[in-house]
Structure formats: structure tokens, C-alpha cells
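Okay, so here's the structure we're looking at.
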Amino acid sequence: MTTTVIDHIGLLITNDSALGEGPLGQRRNASVVIEDDRVVSVGDAGQIADKRIDAEGACVLPGFVDSHTHLVFAGDRSEEFTARMSGQPYDGGGIRVTTEATRSTSTAELDRLVRLRLAEAHRAGTTTIEIKSGYGLNVEDEARSLDIARRHTSETTFLGAHLVPSEYVGNEDDYVDLVCGDMLAASAPYAKWIDAFCESGAFDAEQSRAVLEAGAAVGLTGRLHGNQLGPGPGVQLAVECGCASVDHCTYLTDADINALADSNTVATFLPAADFSTKQPYADARRVLDAGVTVALASNCNPGSSYTTSISFCIAIAVRDMGMTIDEAIQAVTLGGAAALRRDDIGRLTPGSAGHAVILDAPSHHHLAYRPGVPLIRDTIGPLGH
Ligand code: NIG
């Protein structure tokens with residue numbers, strides 16, 4: 001057993017009000033003792049251990065939980081992004097471009113690309129990550145994408161219902177049958193979650209419900225893409241189906257917010273997608289004020305959000321979505337954990353995972369105050385299962 005102490009922490013965020021001040025459980029001049037991969041104690045500075053990491057007075061917080069990514073893909077869509085910056089709208093149609101590139105890339109190369117993206121996310125402070133399929137869109141390539149994702153994380157999501165692939169345009173219901181039948185059967189062994197893109201131009205409420213119900217029948221819990229490009233049925237459907245999370249939530253009605261408030265479905269905001277697609281930012285304040293549990297995630301994908309930076313998401317949430325810095329920090333730690341229905345991550349408390357971020361800054365406020373600056377000095381704990 002190896003004991004590691006992170007010592008001389010100027011400001012520690014534990015996310016447990018029993019361990020420190022306020023909802024973030026903040027402690028000054030603190031240390032965290034980790035045995036193997038678990039926190040065993042949180043205390044004052046000056047602990048003894050086999051291995052000592054000197055935080056030199058910096059701020060330490062729980063590792064980020066990125067609960068929404070699409071990391072298994074090949075190809076490049078920078079031209080689509082550039083066209084958007086000149087006024088082209090985003091409609092999700094580029095998913096087919098990435099599908100073509102992904103299908104024609106070898107498994108070894110896809111795995112290499114995933115590893116590079118994971119290394120980038122880890123350097124940026126992420127210690128738990130969810131990865132979706134969704135750029136295979138046939139039986140073999142969806143299962144292959146999830147097999148690759150599963151090598152790196154237990155938080156894998158089957159997203160065969162990302163978009164109807166070119167060969168099924170005009171036969172959408174046949175494609176939904178395939179997703180709910182052979183594709184699900186081949187993918188389920190590698191997946192924990194099931195998801196659908198419930199949006200006009202992708203899958204309607206009835207089709208999305210069929211996918212979520214087929215997943216539930218084989219033990220996969222739902223999560224849903226909803227209300228990204230306009231108001232729609234996604235949020236209500238996610239709540240009705242008991243999804244762990246409904247993601248995007250850019251356009252919410254009062255009824256959507258009330259439904260979320262009465263549920264245990266997390267509202268996950270993906271502000272880097274709104275940045276890259278020039279959508280308005282979600283009004284997180286309204287949602288938080290209604291008592292909804294909120295997460296923030298990167299949505300790393302080649303089309304709508306090619307970033308692994310949770311710090312970037314925090315900065316947008318604080319600048320443009322009405323979140324306080326403390327709420328944004330909670331959303332990328334505890335919120336992400338709730339979206340994955342986990343209580344062992346997103347906090348630094350005895351028994352939790354020993355996943356931490358050491359900042360090159362005296363407080364977590366700097367994550368919004370110094371946007372674009374690489375403030376993650378060290379990420380403690382692997383990014384993986
Ligand atoms: O979450 N909205 C659907 N899926 C992704 C985008 C995928 C793409 O454009 O390649 C998202 O934004």
C-alpha cells in the first residue's frame with residue numbers, strides 16, 4: 001500500500017460542508033492523505049507519508065468529472081467550424097462526415113486518437129470521463145467504438161441514435177429498429193448507458209423513447225441529448241424515462257424546469273457547444289434557482305465542441321450563464337458525479353477516490369478570472385475506470 005500526502009494546500013475544496021466552510025467545504029492550510037487510490041483523511045498541513053506532493057500554498061480541488069464526451073472519432077471538421085463563424089448554421093449534419101471518417105479508420109488508429117484526447121483531458125484536470133459511441137452508426141462500428149471506449153473508462157454510452165446514417169435516409173424507422181435490435185445487442189456488452197439525440201432533424205420523441213426503452217430492457221440506464229437547437233420534448237422525455245441526465249438544455253421552458261426540479265434527472269449544460277455553434281448560452285441561474293441538480297461537461301467532439309477543457313466551460317458558465325464560481329466548481333465535480341450516478345468521485349472526503357487537481361493559483365476563482373490560462377499544475381489520479 002502506498003500512502004501519498006498532498007501537503008501545504010493553501011485552499012482545499014472538499015465538497016463536504018462537514019469538512020470545511022460553506023457548500024464547497026473549504027479549508028485553509030490543509031492536507032489530503034491518499035492510500036492507494038482512496039482518500040483516507042483530510043486534515044491540517046504537515047502530515048507524514050511515503051510520498052509527499054507539496055502544493056506550495058496553491059488551491060487543490062477534486063478532479064473534474066466530464067460526464068459528456070464523444071471521443072471515439074477520426075477526421076477533422078475545422079472547415080465546418082470556420083464556415084459557421086461566417087454565418088453557416090449548425091444542424092448536426094456533419095455527424096455523417098465524421099461517421100465516414102471513423103468507419104474507414106483502423107481500430108488501432110482510433111484507439112491511439114482516443115488515448116491522445118484522454119491525455120489532453122487529464123492534463124486539463126479531468127479524472128473521470130464518459131465516452132459515447134455515435135460515429136459508427138452500423139452494428140459493427142458502434143460495437144467497435146464502444147469496445148475502444150471501454151478500454152479506457154467504465155462510463156461508456158451507446159449512441160447509435162446519434163443521426164440516421166446516409167444509407168438509411170428515407171427509412172428512418174428501419175434505422176431505429178436496427179438501433180433497438182442488432183446494434184443494441186452488439187453494443188450492450190461494452191456499454192453502461194444508452195443515449196439518443198432527441199432533436200428536430202435527428203430523432204423525434206417517439207423514436208428516442210423506443211431507443212431508451214430498448215436500452216432499459218437490457219439494463220442500460222438512459223441519458224439524452226435534448227433541447228440543444230431549440231425548444232423540444234427532450235427534457236420531458238428524459239424525466240419520464242428516468243434518465244440520469246439530459247444534456248445541452250440550452251432552450252428550456254418553465255415546464256421543463258419544473259419537470260427537472262421534481263425528478264432525479266440532472267441538467268447537464270455543454271457551454272462549449274453553444275460557443276462553437278453560436279447558440280445562446282443556457283440560463284443556468286433559472287435552473288439552479290428552481291433547485292435542479294446541474295452539471296457542466298465538455299462535450300468534446302469534432303463538430304460542435306472540439307475541446308477537452310473543463311476550465312473553459314467554467315469560465316463561460318460564470319461569465320455568461322449566471323452561475324457563481326462556487327456553483328460552476330460544484331457542477332464540474334459533484335454535478336458530473338450525479339450525472340453518472342456516482343458518489344465516490346467529485347469530492348475529497350474519506351473513502352472517496354483520490355482524484356485531485358492542483359492549481360497554479362491560490363483559489364478556484366482563478367479558473368474563471370484567468371480564462372485561457374493553463375492553470376492545472378498537476379492532476380492526481382489516473383483518468384480511467
Ligand atoms: O452533443 N448534438 C449531437 N451530438 C454532438 C455533436 C456531434 C457532431 O456535430 O459531430 C453534440 O453536440
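Within the 4.5 Å cutoff, no side-chain heavy atoms of Val294 are placed close to those of Gln330. Inter-residue side-chain proximity for Asp344 and Arg38 is flagged as met; some heavy-atom pair is nearer than 4.5 Å. Two residues are said to be in side-chain contact when any heavy atoms from C-beta on lie closer than 4.5 Å; Val239 and Leu260 meet this criterion. For the pair His248/Gln279, no side-chain contact is recorded, criterion being any heavy-atom separation below 4.5 Å from C-beta on.
Residues satisfying the salt bridge (charged side-chain N to carboxylate O under 4.0 Å, His left out) test with Glu109, not counting sequence neighbours, are Arg112. With sequence neighbours left out, Thr307 forms a side-chain contact (heavy atoms from CB on, under 4.5 Å) with Ala272, Ser305, Ser309, Phe312. Not counting sequence neighbours, Arg319 has no partner by the salt bridge (charged side-chain N to carboxylate O under 4.0 Å, His left out) test. In this structure, the ring-ring contact (aromatic ring centres under 6.0 Å, His included) partners of His70, at least two apart in sequence or on a different chain, are His68, His162, His225. Checked against ring-ring contact (aromatic ring centres under 6.0 Å, His included), Tyr168 has the following partners two or more places apart in sequence or in another chain: Tyr175. The salt bridge (charged side-chain N to carboxylate O under 4.0 Å, His left out) check on Asp254 picks up Arg286, with sequence neighbours excluded. Residues forming a salt bridge (charged side-chain N to carboxylate O under 4.0 Å, His left out) with Asp378 (at least two apart in sequence, or on another chain): none.
What you find for Ser31 and Val5 is that their closest heavy atoms are CB-CG2, 4.0 Å. Smallest separation of non-hydrogen atoms from Gly22 and Ser17: O-CB, 3.4 Å.
A salt bridge links Asp141 with Arg144: at least one charged nitrogen is closer than 4.0 Å to a carboxylate oxygen.
Looking at Arg347, its side chain never comes within 3.5 Å of a backbone N or O of Thr14 through a donor-acceptor pair. At distances below 3.5 Å, at least one donor-acceptor pair connects side-chain atoms of Asn227 with backbone N or O atoms of Gly232. Counting only distance, with no hydrogens or angles, the side chain of Ser276 and the backbone of Ala273 share no donor-acceptor pair below 3.5 Å. A distance-only check finds no donor-acceptor pair linking the side chain of Gln228 to the backbone of Glu199 [under 3.5 Å]. Using modelled atom types, one side-chain atom of Ser133 and one backbone atom of Leu159 make a donor-acceptor pair closer than 3.5 Å. Side chain of Arg123 to main chain of Thr379: no donor-acceptor pair is present (N/O by atom type, distance under 3.5 Å, no hydrogens or angles).
Of the listed residues (Leu334, Leu24, Thr349), just one forms a side chain to side chain contact (heavy atoms under 4.5 Å, CB included) with Asp16, and that residue is Thr349.
The stretch residues 329-361 participates, sequence neighbours left out, in no ring-ring contact (aromatic ring centres under 6.0 Å, His included) pair at all. Every pair passing salt bridge (Lys or Arg N to Asp or Glu O under 4.0 Å) that includes a residue from residues 56-77 is listed here, sequence neighbours excluded: Glu56-Arg377, Arg77-Glu80.
The hydrophobic cluster around Val32 extends to Ile6, Ile9, Leu12, Leu19, Ile34, Val39, Val42, Ile53, Val60, Leu348, Ile358, Ile380, counting ILVMFWY residues whose side-chain heavy atoms fall within less than 4.5 Å of a member. The hydrophobic cluster containing Leu71 also includes Val72, Leu110, Val114, Leu118, Ile129, Ile131, Ile148, Leu383, under a criterion of side-chain heavy atoms closer than 4.5 Å among ILVMFWY residues, counted directly or through chains of members. Here Trp193 is tied into one hydrophobic group with Val65, Leu340, Ile345, each link being a pair of ILVMFWY side chains closer than 4.5 Å.
The hydrophobic cluster containing Leu237 also contains Phe158, counting ILVMFWY residues as joined when their side-chain heavy atoms lie under 4.5 angstrom apart, directly or transitively.
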(request) Might you work through the side-chain contact (heavy atoms from CB on, under 4.5 Å) test for Ile314 and Ile329, ending with a clear yes or no? (result) CA-CA 7 Å; Ile314 292 171; Ile329 295 296; 4.0 Å; yes
